[in-house]
2 protein chains.
Amino acid sequence: MSILLEAPTTADYKNPMNIEKSDLPKIEHAPQTLRDIVQERMRTAIIEGHFAPGERLVERPLCDQLGVSRTVIRETIRYLEAEGLVEIIPNRGPIVALLDWDQAEQIYDIRKQLEGSAAAVCAQCYGGDFAAQLREALATLNASMNDSEWIGVMRATTRFYEVIFYEAGHAIAWDIVQRLNGRISRLRVLTLSAKDRPKPGFSHMTAIYDAILSRDAQAAQAAVQAHILDASAIAQRFLRKETTKVENDG
Amino acid sequence: MSILLEAPTTADYKNPMNIEKSDLPKIEHAPQTLRDIVQERMRTAIIEGHFAPGERLVERPLCDQLGVSRTVIRETIRYLEAEGLVEIIPNRGPIVALLDWDQAEQIYDIRKQLEGSAAAVCAQCYGGDFAAQLREALATLNASMNDSEWIGVMRATTRFYEVIFYEAGHAIAWDIVQRLNGRISRLRVLTLSAKDRPKPGFSHMTAIYDAILSRDAQAAQAAVQAHILDASAIAQRFLRKETTKVENDG
DNA sequence: TTCAATATTGTGGTATACCATCATACCATA
DNA sequence: TATGGTATGATGGTATACCACAATATTGAA
């Protein structure tokens, strides 16, 4: 089990998550509730692969590990179920959602549409300091690729698209894309960590960057779709390869 | 408050939702849990307008009305929050999610993409008894329009698109579209119930039907997008008109 | 009379105990 | 060895107690 989910050393109900003030420096009265924290932790734990797909999420151990009550765990599981990250098996309880290529293909297809549209809109109407933001995101991405830390690459890629979606004013679409990305996070990890090929990804991103900044909506959309097509092709290789194993687990 | 949420007359914990066997004829051991039932009831209550947008969803009264415990209510609210139907205001609790035109426009835009794509794919590759299913859905839609019952029209429209999405193999996209439709259900009701114009909607659907059956993907996509564009234009009129009122409520 | 401080109330958030049911694993016996 | 029953554990569901916080009402003082 992940170290991310370690329980507090003592059962301190006044401070069950070991949240120190130093952890929340920005906002004095952080309106963040326990549920939000647990949600965030479990979501990232699943996305970053600390829970295996198909692994059971038993309530009471989770309570112990996170140092919170069952109510919180149950509400969190309900939320993650709605997000598609968790699946409820009748009379068995929640497990980390499984993924087959059929679903993954659908998800890549939806992303192609939504991200392509966002890039196109963005190219047409961007302004302000957007160019600087996108350049910075691209630079961060480049830097993280040299670190060969897949998690950094994933975050930088996310940031890159986040800038695009928000400039396009597509906040809801971004929300959808993020959730979809959560569901295929395992694939993203595989495509990123199997990095005998970091450069093709980066050249794709550069192409997107150039197309948007030159206000070529068509080219921007095409570049995004090419990027996703490439990613999905790599993902397909991996998923096909391990399909047998996954289905044996289920 | 809605009659849909009435509590059982007596506190019968063996049968708290008044589920009779006659309600579940198909499956003997119905795996449907209390949560599922409450979720379904509250979702339709919100979608069908029995709760006003911005209305507070106070836990304890909901417990009384539905005859279930707070745990169930809270889990349900968490699920609906993830669906975007419910919004949590810090230190105030959940309310029925509000909607402004900016969000609605984004939602219509996403629908335009996903539904257009589904129709196009469908036109290219449909087979089997799909044509019959779609024809039947269209007939049902036509019949329900003569009833001038907006709820029937809404269900028939949903069914029509459901057939398309499933034939295209876009189950995940359909899931997304359904949730988005839930969030703009109030607008859909307005556009449907303000029925000085039932026929334009139906002619749009007929155009979609014809285009798909004639395997013209381009035309199918265009017809779908025209339909949504029309709907969004009507919705915009209504939402703009009542924007002041809504924001005063919030 | 008016303003401010305090008390009350309602709500959300959290924790915990309890029961029923279902599924599985284990064990004892034929 | 095979089979059936029991034990265990997990979940679903319910109830309750406690605390924090915010809004409102009430009361006291200027």
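Below, all heavy atoms of this structure are taken into account, side chains as well, without hydrogens, waters or symmetry copies. A, B, ... follow the sequence lines: proteins, then strands. Residue 1 opens every chain.
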**OP:** Just jot down the ring pair (Phe, Tyr, Trp, His ring centres under 6.0 Å) partners of B:Tyr79, sequence neighbours excluded, or say none.
**Re:**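 By the ring pair (Phe, Tyr, Trp, His ring centres under 6.0 Å) rule, B:Tyr79 matches no residue at all.
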
Between atom [atom1] in [X] and atom [atom2] in [N], what is the gap in whole Å?
X	N	atom1	atom2	value
B:Leu66	D:dA15	CG	P	13 Å
B:Ile89	C:dG12	CD1	P	11 Å
B:Asp64	D:dT16	CG	C1'	15 Å
B:Asp36	D:dG12	CG	P	10 Å

**OP:** Under the salt bridge (Lys or Arg N to Asp or Glu O under 4.0 Å) rule, collect the residues that match up with A:Arg56, sequence neighbours excluded.
**Re:**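 Residues passing salt bridge (Lys or Arg N to Asp or Glu O under 4.0 Å) with A:Arg56: none at all.
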
**OP:** Kindly write out the residues that satisfy salt bridge (Lys or Arg N to Asp or Glu O under 4.0 Å) with A:Asp129, not counting sequence neighbours, or none if the list is empty.
**Re:**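 By the salt bridge (Lys or Arg N to Asp or Glu O under 4.0 Å) rule, A:Asp129 matches no residue at all.
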
Subject >> Contacting residues from residues 69-81 of chain B, given that a heavy atom lies under 4.0 angstrom of DNA chain C >> reply: B:Arg70, B:Arg74

Distances under 3.5 Å between nitrogen or oxygen atoms of protein and nucleotides 22-24 of chain D:
from: D:dA22; atom 1: OP1; to: B:Asn91; atom 2: ND2; distance (Å): 3.4

Partners passing side chain to side chain contact (heavy atoms under 4.5 Å, CB included) against [X] (at least two apart in sequence or in another chain):
X	value
A:Ala171	A:Tyr166, B:Gln106
A:Glu105	A:Trp101
B:Glu167	B:Cys122, B:Tyr126, B:Phe130
B:Glu87	B:Ile95, B:Ala97

Original post:
With respect to the phosphate group of D:dG12, does any side-chain polar atom (N or O) of B:Arg35 fall under 4.0 Å of OP1 or OP2?
Top reply: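 Yes.
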
Original post:
When you match B:Ile88 and A:Arg60 each to their closest nucleotide on DNA chain C, which lands nearer the 5' end?
Top reply: B:Ile88

**OP:** Could you tell me whether the side chain of B:Thr76 and the main chain of B:Val72 form a donor-acceptor pair under 3.5 Å?
**Re:** yes

